[in-house]
Amino acid sequence: MFDQSQKQQADLRYLQMLSRQYPTVQAASSEIINLEAILQLPKGTEHFMSDIHGEYEAFIHILNNASGAVREKVDALYENSLSREERAQLATLIYYPDEKLEEMQRHASDLNEWYKLTLYRLIDLCRLASSKYTRSKVRKALPKDYAYIIDELLNTNYEVHNKRDYYNNIISTIIHIDCAEAFIKALCKLIKRLVVDHLHIVGDIFDRGPRADIIMDLLMQHHSVDIQWGNHDALWMGAATGSRTCIATVLNNSITYNNLEVIETGYGISLRPLALFANEVYRDTDTSCFQTKILNDLSTYNAKDIALAARMHKAIAIIMFKLEGQTILRNPHFNMEDRLLLNNIDYARGVITIKQKEYPLLDNDFPTINPEDPYTLSPEEAMLMQQLKASFLRSEKLQRHVRFLYSKGGLYKCYNGNLLFHGSIPLEENGSFMSFDINGQLRSGRAFLDQAEALARQGYYAKEKTPERQNGMDFLWFLWCGRNSPLFGRDHIATLERRLIADESTWAEPKNSYYSYYNDAEVCIRILREFGLEGPHCHIINGHVPVKSKDGESPVKADGRLIVIDGGFCRAYQATTGIAGYTLIYNSWGIRLAAHEPFSTPRDAINSNRDIFSTTTIFDRMESRIRIEETDNGRLLRRNIADLKALLLAYKTGAIKEDHTPA
């Protein structure tokens, strides 16, 4: 422990380092004034999305329209001067500037006049969207190529006659030198950036939908984002580490939903070795239980394609069942021995025993399973998995995306009074925090999630071929579907039962007690307190479990203490949920929940200026407008101000000398 003199010396060394950035009383004073002023500005807008599941077109649209916040700005500014159709056209231009500009080139009767009106309107919108930020922050957001001009236009008082001429001349020159289109695109991008200050993705970017890689590319370009890992994300993270169990499961999921585009086109991973293996080993076997789910037009697939997909599905599913068994056997602390189902099969009779009850199997034709040693891969299966593992490890794009998930993500996040996590905080039946064995120690609540995240990082960053790496890789699979995993939140995943047993009673996947208690305000308050959050405007924000809105289920639970924002981005879920997802907007006035209708196509949105229809509910309105000083960033700025005031005192007492040397 430091004694008092050591602490004073450490404080002085810190202030000496700070003095390099603020070398004079004037410099430090100016920064204090600046930070104090920033604290009084309104809080920036946060946008929450969850369970995107590869549905990139709907994601792009909701990202562009900020769950209606962009159209709200358009309406606020032009409701009394532009028709509904004109406002819709302007909003669509902001969402899709490239495509909308192409359309206007074909249809505008006087293109230069349209450019002029549009530039004026977009600049006014930029001015409105930037009004709650400092000029310095807006400058940093400006597109590099047009930063000076946009800054001039945003900050020109064109009510003054000379300035009005100056302003008009800038617009005329932009059009005259054929820069109007590029300038319009830059302004549209700036508006979207200014409307949303920070984006939260509350898990499950991957699986089900066609192109999670496109979503990841867009997130990597976003100016401010955090991610709470979902169980599907953890699975792909595990596959990127080279975990054969996770790789087999990723492929099983992708083939189940006929979603190979993300594997082959998105990440450049060839499935030819799997196709060759499946055609050789499973050509003459029954594959009727392994037909893929085709959500789009069945007529676009021929019988040969469908047959091959079923063989590939069966091949990788059997490998997955074996590798899952190996993972469970390596990790007895997962407490999943009852999920070792392959040795519960009587292969001669074609029945399986689950909880002391026998069920006939719909398929018992497993040429690669040795009944005496059911979890060992055949030599051909082992060679196939080695090839697939090498492909996953060599996919530069996948590795880049997973590194981004690690750098911007985690199992949970506390942000401006809200607790964000994808699945659950595992609870016992009595509502107490459930304990898990982590490296020989029992952990629960926040301590468990912290240790679990450390293990997930270990799976990617620990040295290869070490026990630490293997433990971390196995834990990533546990996060995907392990018993009461915080991301999965269920007792087990019934993949084998759903595939091979007709009795649907075996398909049940009992939920953790968290989902019995998450309507209980007292339990939610206790969970929030576990993470250091207290107060009437603190909330838990969840994804993971689709909200069945068509059955009357509400996403707002526990008297407003918990909000579930998974409602059906994934088309495979929309028949169950009845909608196409929930999102949240948290601005300086409160939290607004948006329920979205299914998205048609980007082309329909562009041609018809058709937005996603959304129903908005304000469920937490603040007593007064939230200022930055009340946010997490405000608390950080307060500490910075205190440090600067300490530096001022050091200058005034002579403990540190000012440096007036010209820069």
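What's counted below: heavy atoms across the whole structure, side chains too, no hydrogens, waters or symmetry copies. Bear in mind the structure is a predicted one, so any value in this text is a computation, not a measurement.
- Residues Arg635 and Asp632 are in side-chain contact: their nearest non-hydrogen atoms beyond the backbone lie under 4.5 Å apart.
- When side chains are defined from C-beta on, Arg339 does not count as touching Phe334, because their heavy atoms never get closer than 4.5 Å.
- Looking only at side-chain heavy atoms (C-beta outward), Tyr586 and His198 stay at 4.5 Å or farther from each other.
- A salt bridge does not link Arg84 to Asp75: none of the charged nitrogens lies less than 4.0 Å from a carboxylate oxygen.
- Residue Ile205 is tested with Asp213, Asp51, Ile227 for a side-chain contact (heavy atoms from CB on, under 4.5 Å); the sole match is Ile227.
- Met320 pairs in a side-chain contact (heavy atoms from CB on, under 4.5 Å) with only one of the listed residues (Ile247, Asn252, Leu251), which is Asn252.
- With salt bridges taken as basic N to acidic carboxylate O contacts below 4.0 Å, none links Asp217 and Arg211.
- For Tyr267 and Phe392, the distance between ring centers is not under 6.0 angstrom.
- Checked against a 6.0 Å centroid threshold, the rings of His232 and Trp480 count as neighbours.
- The number of heavy-atom neighbours closer than 6.0 Å to CD of Glu428, taken from other residues, nucleotides and ligands shown, is above 12.
- Within a 6.0 Å sphere centred on CD of Glu337, heavy atoms belonging to other residues, nucleotides or ligands number more than 12.
- Nearest heavy-atom pair across Cys188 and Ile94 is SG-CA, 3.7 Å.
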